[in-house]
Protein chains: 2
Amino acid sequence: MLYSEERKNKIHAYVEKHKRASVQHLCDAFNVSESTIRRDLSELEQDHLLRRTHGGAIAFESVNFEPTVTEKADRFQKEKQIIATRAASYIQEGDTILIDAGTTTLPLIYEIKHFSSLTVVTNSVVHSELLKDSPQIEVVVPGGRLRHETQALVGPITDQTLSLLHVDKAFIGTNGIDLSDGLTTPNLIEASTKRTMISQSSEVIVLADHSKFEKVTFAKFGDIDDIDRFITDEQVDQSFVSEFHQRGVKLDIVLLQED
Amino acid sequence: MLYSEERKNKIHAYVEKHKRASVQHLCDAFNVSESTIRRDLSELEQDHLLRRTHGGAIAFESVNFEPTVTEKADRFQKEKQIIATRAASYIQEGDTILIDAGTTTLPLIYEIKHFSSLTVVTNSVVHSELLKDSPQIEVVVPGGRLRHETQALVGPITDQTLSLLHVDKAFIGTNGIDLSDGLTTPNLIEASTKRTMISQSSEVIVLADHSKFEKVTFAKFGDIDDIDRFITDEQVDQSFVSEFHQRGVKLDIVLLQED
DNA sequence: CTGAATGTGATTGATTATGATTATAATAGA
DNA sequence: TCTATTATAATCATAATCAATCACATTCAG
């Protein structure tokens, strides 16, 4: 006869391994009543060791990996790739660049790995982790609090550290670009960090796929004037083209080749 | 007739070996009353040597996790796992803890994911990346320059930011522990960061597998006196035991079970 | 020797783990 | 959609186990 703690350990291990388990199967496996299994499962759920479902339980990661991050990364992935490739063409050997967190700038990481000398400042734990095995690239992380929603480091620590640095080029992502409301992002703290990034760079390059056009989200972090170069993937409205031209923003449109 | 300390040692050894023991069985085995066994078990539990259950006790079990490629290359992986499991038993819900970069502290990340409230400060891009999908854990990264050799963030930015923070417990790894030369690491800048970490924590817990004993590397970052608790995986030399005891360092030895 | 400290076993009311039961909720199939 | 089926939470009873307490014995220091 197992102790309840042992049984719970085994249930946890089982669910981790098989990613799922039914109440019925666990009853048979441990030869206890459904009540007992249900109690075990709710306690394990309380400890964040698995997630209950109707009829059983599933492993925690399978729900954690599912939602925003992966899904978001998958949208317009090809577009983001070609935008990043174009962006990389503006980077020169020996540059000090800043790469914003977010899925739009992520492909840029793969494009810069071949440089033999580069200093990269990034507030993304994902971006920096990907550069950990590229010793020729000097990586500087401005610290801060990790926002799980975007996997970016943000907050006063980030801003303060960033303000001590200066970079040649900053590659910034955005959630919305609008002629009257400028550059916006849903989070106030993140906006503050992006604003700091813009102020610390000689050249500001904004990356955005076509879905971001004429979108306005909560917090503004920059004006059209702040941008030096804007890279996107689809023919944009004439109003943007002329306004960008008038305000001295260079516009790069990279078209996706359909197969 | 055994003395209580002898009996407790044997109970501990028994539980480590068989992974479990019932109060009844221990009563028969040692020919003492249930009260006595229960008292022993409570004391052993207080010393983090086993976990009590209703009806008996079980050994500490580590969560099973699939090591990543990078981790597989590492030596003494099992030892580091059990050391981390022990270390995790000192973490309480709501704590603010600091986790040093390095392969020794890495398994600790898997042990803390189920906490429902925890603030974790870490200077490792790998550690923080692994916590990116655990929203209940507040992650703070003190920034800095990425050292590719250890995948740690180090340097003046790191030290300066760390000095603004204070944590309840710091879990620190080391490359060498020696009675006369204290705690050492091969890199001067990394030593400085570790030194800062120690100074910013109420309690300093050092994790080191047996290979680190009597090793001295280039840069010293702490004295024996700086340590509050030392967790390792093998019977250590008597000189260490007595010196630690004399200097008020609590010593945890976690033995690996050979199958 | 005395008196405090410690270790132990017995007792008892409290707590815990479990399975059965039942009303409610969620799901699947027509 | 509605209905039949299945899963669930909530409750209860019961048996095992536990914590708390006390009494007794042993050890040790003054």
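Sequence lines set the chain letters: A, B, ... in the order given, protein chains first and strands last, and positions in each chain run from 1.
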> Using the test side chain to side chain contact (heavy atoms under 4.5 Å, CB included), find all partners of Thr193(B) that sit at least two apart in sequence or belong to another chain.
Asn123(B), Val154(B), Thr158(B), Asp159(B), Leu162(B), Met197(B)
> Can you list everything that forms a side-chain hydrogen bond (donor to acceptor under 3.5 Å, both in side chains) with Glu5(B)? Sequence neighbours excluded, please.
Lys8(B)
> Write down the distance between NZ (Lys8(B)) and P (dT6(C)), rounded to a whole number of angstrom.
13 Å
> Suppose we screen for side-chain hydrogen bond (donor to acceptor under 3.5 Å, both in side chains). Which residues come up paired with Arg52(B), at least two apart in sequence or across chains?
Ser42(B)
> For Ser199(B) and Thr196(B), which I'm curious about, is there any donor-acceptor pair between the side chains at under 3.5 Å?
no
> Can you name the residues that form a side-chain hydrogen bond (donor to acceptor under 3.5 Å, both in side chains) with Glu129(A), not counting sequence neighbours?
Lys132(A)
> Only counting residues at least two apart or in another chain, list the ones meeting side chain to side chain contact (heavy atoms under 4.5 Å, CB included) with Leu188(A).
Phe218(A), Ala219(A)
> Just to be sure I understand the geometry, which residues of residues 22-30 of chain A put a non-hydrogen atom under 4.0 Å away from DNA chain D?
Val23(A)
> May I ask you to evaluate whether Arg52(B) reaches the phosphate of dA19(D), defined as a side-chain N or O under 4.0 Å from OP1 or OP2?
yes
> Per the ring pair (Phe, Tyr, Trp, His ring centres under 6.0 Å) rule, what does the pair list look like for residues 79-105 of chain B, sequence neighbours excluded?
His48(B)-Tyr90(B)
> Restricting to salt bridge (charged side-chain N to carboxylate O under 4.0 Å, His left out), what partner residues turn up for Asp237(A), sequence neighbours left out?
none
> Checking Asp40(A) now: which residues fulfil salt bridge (charged side-chain N to carboxylate O under 4.0 Å, His left out) with it, not counting sequence neighbours?
Arg7(A)
> Who passes side-chain hydrogen bond (donor to acceptor under 3.5 Å, both in side chains) against Ser124(B), sequence neighbours left out?
His127(B)
> Let me test you: for the helix from dC1(C)-dG30(D) to dA30(C)-dT1(D), what is the angle between the axes at its two ends (five pairs each), rounded to 10 degrees?
40°
> Let me have a per-nucleotide readout for nucleotides 15-30 of chain C, 5' to 3', with B, S or -, counting only protein heavy atoms under 4.0 Å.
-BSBBB-----SS---
